[in-house]
Amino acid sequence: MFNYLRKRFASHVTERSRRKARLVSKDGRCNIEFGNVEQSRFVFLIDIWTTILDLRWRYKMTIFISAFLGSWFLFGLLWYVVAYIHKDLPEFNPSINHTPCVENINGLTSAFLFSLETQVTIGYGFRCVTEQCVTAIFLLIFQSILGVIINSFMCGAILAKISRSKNRAKTITFSRNAVISKRGGKLCLLIRVANLRKSLLIGSHIYGKLLKTTITPEGETIILDQVNIEFIVDAGNENLFFISPLTIYHIIDKNSPFFHMAAETILQQDFELVVFLDGTVEATSATCQVRTSYIPEEVLWGYRFAPIVSKTKEGKYRVDFQNFSKTVAVEMPHCAFCLYNEKEAKAKEKKGFDNPGFVLAEASEASDTKM
């Protein structure tokens, strides 16, 4: 009993670790880490726009708040220094005829409030710059220009983050599993993909990459070797009319890397099938890419997808997403080689064979039969 539980636990841990060891997750994120990068982190600051856009929301909002609060506080200190140098503060006991650089700055708090009012152009009218000192005028101009730059950059980054096409990709979904079954008399690997929005993706293109570890004839081991997988639909793999869920398929012929796999051995294979869908968002004309992956445990041999499109009494077409990833078992040969051998055998049976040793003999008249 103990040995049985230990084997079950070991197999469970092995299967779980294998499921985690994938380059692309189901939602399209890449599981890759860069180490020992020789270039400095400074190169990411050169392309600060892309760096800001790639940050997660919590880091982006932290930078957004820090940029405004930091600039307000920094210029508040500068306004306080100007008032201190010009002796406008109450501790200097200015005379009645004294004209300050900035009206009603009595300390660091009021200097911070004036900096805030200046940069966001609130203008309450209680505090204002006078013509008494040129330093305050230049500081006002500099803060106004820098405030516009900060406001344009940070608000533009927030807007660009919200409108990125990768968010549109989240409304494109793939089936949880891929299936292998016959389609049009051929053995095919099928995947279902759906557009959850009514707006189309223009110029859509579907393709795949099979990632596996290969050993070259020279003995070199290539990890994540990429093999092109061509996916098609009945109308081709480009410029899809992507208004309803589509079933894309890859024909498993002698040129396919799946040709030598069988129902009994596919789970023993070590590969990852990454599927890509490229298209242009109709609303924004921005290009987007959707991707997902399938490991051997997620490829079902001898299954097909359940139908999900039906027509209502009102004449509308209804898509039932409850059956989107549902599969149905079908009779299938256990390997592609068997299917094509069976088809060749049937073709030979219909064609027939010539027997060169066969001689047609004429029958003579029947003689009387003795009783």
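Counted by atom type alone, Ser71 and Gln119 present one or more donor-acceptor pairs between their side chains at under 3.5 Å. Checking Arg318 against Thr312 by side-chain atom types alone, no donor-acceptor pair falls below 3.5 Å. When only modelled atom types and interatomic distance are considered, Ser95 and Asn97 share no side-chain donor-acceptor pair under 3.5 Å. Between the side chains of Asp253 and Ser256, no donor-acceptor pair of N or O atoms lies under 3.5 Å. A donor-acceptor contact closer than 3.5 angstrom is absent between the side chains of Trp301 and Glu264. Donor-acceptor pairing under 3.5 Å is recorded for the side chains of Glu272 and Ser293. Side chain to side chain, Gln289 and Asp278 meet the donor-acceptor criterion of an N or O pair below 3.5 Å.
In summary, the aromatic rings of Phe324 and Phe174 are positioned with their centroids too far apart to meet the 6.0 Å limit. In this structure, Tyr84 has its ring center at least 6.0 angstrom away from the ring center of His86. Aromatic ring centres of Phe112 and Phe75 lie farther apart than the 6.0 Å criterion allows. If you look at Phe68 and Phe64, their ring centroids are closer than 6.0 Å.
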Between Lys182 and Glu331, is the salt bridge (charged side-chain N to carboxylate O under 4.0 Å, His left out) condition met? List the steps. CA-CA 9 Å; Lys182 289 192 292 186; Glu331 293 184 1; over 6 Å; no
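Cluster annotation: Leu139 is not connected to Leu74 through the hydrophobic network of ILVMFWY side chains, with a link wherever side-chain heavy atoms come within less than 4.5 Å. A continuous path of ILVMFWY side-chain contacts below 4.5 Å connects Val129 to Ile122, so both sit in one hydrophobic cluster.
Applying the 6.0 Å contact sphere to OH of Tyr303 captures no more than 12 heavy atoms from other residues, nucleotides or ligands. The neighbour count for Lys60 NZ, taken as heavy atoms of other residues, nucleotides or ligands under 6.0 Å away, is above 12. Residue Phe142 qualifies as open at atom CZ: its count of foreign heavy atoms under 6.0 Å is 12 or below.
Remark: of the listed residues Thr173, Ile308, Val179, Ile308 is the sole one forming a side-chain contact (heavy atoms from CB on, under 4.5 Å) with Arg192.
For the pair Lys26 and Tyr294, the cation-pi test (distance below 6.0 Å, angle within 45°) is passed.
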